[in-house]
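These notes concern the structure reproduced below.
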Amino acid sequence: MTTVQRRGANRNDFVSQLQKQLPDLIPPIIAIAAFLFVWQLFAWLPGATLPGPVQIFADKDTRDYIFYPFLDRGGTDKGLFWQILASLQRVAISYTLAAIVGIGLGILIGTNKMMNKALDPIFQLLRTVPPLAWVPISLAALRQNEPAALFVIFITAIWPILINTAVGVKNIPQDYNNVAKVLQLTKKEYFFNILIPAALPYIFTGLRIAIGLAWLAIIAAEIVMSGIVGIGFFIWNAYQNNAVTEVIVALVYIGGIGLILDKFMVWLESKIIQQ
């Protein structure tokens, strides 16, 4: 097959795939266009203070943040890529730690009734505390913005992981336990061959909820912690400077990253559980 023929075949494959995807793409495109149109209509009303899509793209500084996310003017004046990257790094560190501790404690209280009775009231009390309420405590204890932000993410993300893991361990079918006794499995064999596979769907449910909470928590933490590069601080700084268009653009970025994180967890769950 010649180069021209290969290019033609690749083009035909692309068109064919695009045609297959059109029924799924058209409805959300129409919905987004309608939303932007209605939003712009409200922005044109007399006395409206929230800028519409037209005003957002008309603002030069906002266009820079949209089309040039790699800007770096020094200090905290950076493009949205660097702001989001800094926030994602904090989320990755704290979320990983929350997953390790949460799964470990979840297995512990799921397999030990005495530990469950002792710790469950404490966990149920702490998990209802909003992320912003942990900010002054973390600042008072740690004295620095960066460790405080990491702690706020950790303490917010750990609860769904811990609780879902514990529920998954408690709900292991009795037949599985009976088989383990008949086969006289060691604790190690039981852990890897019975407990983890049976509890894995529950664990991933907790991990998926926790990644969303972690992303929410970093925004809340960075908003009230000045002087650190991050998307939360970017939003607060833009608001302080009355740059509402920049705030709106940052919100779109935040929503997009949150969606990507959620879809990644769904993909990871499907790959691991299928094995």
Group every Ile, Leu, Val, Met, Phe, Trp and Tyr by side-chain heavy-atom contacts under 4.5 Å, then state whether Leu216 and Ile248 land in the same group. no
Just so I know, are the side chains of Ile194 and Ile172 near enough to count as touching, which here means a heavy-atom distance under 4.5 Å? yes
Interatomic spacing from CD1 in Ile56 to CD in Glu246 - rounded to 0.5 Å: 11.0 Å
Would Phe264 and Ile211 count as a side chain to side chain contact (heavy atoms under 4.5 Å, CB included) if you check the C-alpha gap in whole Å, the side-chain angles of each, and the deciding distance to 0.1 Å? CA-CA 10 Å; Phe264 172 75; Ile211 194 67; over 6 Å; no
Take Ile158 and Val101 through the side chain to side chain contact (heavy atoms under 4.5 Å, CB included) test and state the conclusion after the steps. CA-CA 7 Å; Ile158 191 174; Val101 177; 3.6 Å; yes
If hydrophobic clusters are built by linking Ile, Leu, Val, Met, Phe, Trp and Tyr wherever their side-chain heavy atoms come under 4.5 Å apart, do Val252 and Ile260 end up in the same one? no
Nearest heavy-atom approach of Pro197 to Phe191 is CD-O, 4.3 Å
Which heavy atom in Pro131 sits nearest to a heavy atom in Val152, and how many Å separate them? O-CG1, 3.8 Å
Determine whether a donor-acceptor pair (N or O, by modelled atom type, separation under 3.5 Å) exists between the side chain of Asn241 and the backbone of Asn237. yes
Output yes when a side-chain donor or acceptor of Ser87 lies under 3.5 Å from a complementary backbone atom of Ile231, and no otherwise. yes
Aromatic centroids of Trp236 and Tyr239 separated by under 6.0 Å: yes
Could you tell me whether the side chain of Glu222 and the main chain of Ala149 form a donor-acceptor pair under 3.5 Å? no
Return the minimal non-hydrogen interatomic distance between Ala250 and Leu80, and the atom names on each side. CB-CD2, 4.5 Å
Checking the side chain of Tyr95 only, and the main-chain atoms of Trp215 only, is there a donor and an acceptor separated by less than 3.5 Å? no
Residue that, paired with Ile103, satisfies side-chain contact (heavy atoms from CB on, under 4.5 Å) out of Ile161, Ile196, Leu162: Ile161
Got a donor-acceptor contact below 3.5 angstrom from the Thr111 side chain to the Leu108 backbone? yes
Examine distances only and state if a side-chain atom of Gln40 and a backbone atom of Val54 form a donor-acceptor pair shorter than 3.5 Å. yes
Can Asn145 and Phe233 be said to form a side chain to side chain contact (heavy atoms under 4.5 Å, CB included), step by step? CA-CA 12 Å; Asn145 285 348; Phe233 176 73; over 6 Å; no
Would you compute the distance between atom CD1 of Ile272 and atom CG of Leu200 and round it to the nearest 0.5 angstrom? 6.5 Å
Just how far is it from atom CD1 of Ile84 to atom CD1 of Ile257, taken to the nearest 0.5 Å? 4.5 Å
Correct closest heavy-atom pair for Ser138 and Val135 would be OG-O, 2.8 Å
Is any side-chain heavy atom of Leu85 closer than 4.5 Å to a side-chain heavy atom of Trp82? yes
Name the orientation class of the two ring planes belonging to Phe151 and Trp134 (parallel below 30°, tilted from 30 to 60°, perpendicular beyond 60°). perpendicular
If you group Ile, Leu, Val, Met, Phe, Trp and Tyr by side-chain heavy-atom gaps below 4.5 Å, do Val167 and Leu213 land in one group? no
Linked, directly or transitively: Ile254 and Leu259 (ILVMFWY side chains, under 4.5 Å): no
Kindly determine whether Ile93 and Ile153 satisfy side chain to side chain contact (heavy atoms under 4.5 Å, CB included), including the steps that lead there. CA-CA 9 Å; Ile93 294 170; Ile153 306 166; over 6 Å; no
Relative to the ring of Trp159, is the ring of Phe123 parallel (under 30°), tilted (30 to 60°) or perpendicular (over 60°)? tilted
With a 3.5 Å distance limit and no angle check, can you tell me whether Asn164 reaches the backbone of Pro160 through a side-chain donor-acceptor pair? yes
When rounded to the nearest 0.5 angstrom, what is the spacing between CG in Leu119 and CG in Leu105? 7.5 Å
Please answer: with hydrophobic residues joined when any side-chain heavy atoms are less than 4.5 Å apart, are Leu50 and Leu41 in the same cluster? no
Exercise: identify the closest heavy-atom pair between Gly230 and Gln83: N-OE1, 2.9 Å
Check: Gln124 side chain, Pro121 main-chain N or O, donor-acceptor pair, under 3.5 Å: no
Evaluate the side-chain proximity of Val266 to Leu268: yes if any heavy-atom separation is below 4.5 Å, no if none is. no
Spatial distance of atom CE (Met265) from atom OG (Ser270) [nearest 0.5 Å]: 10.5 Å
Pairwise distance CG(Asn193) to NZ(Lys188) - rounded to 0.5 angstrom: 10.5 Å
Minimum-distance pair of heavy atoms, taken over all atoms of Lys170 and Gly110: CG-O, 3.8 Å
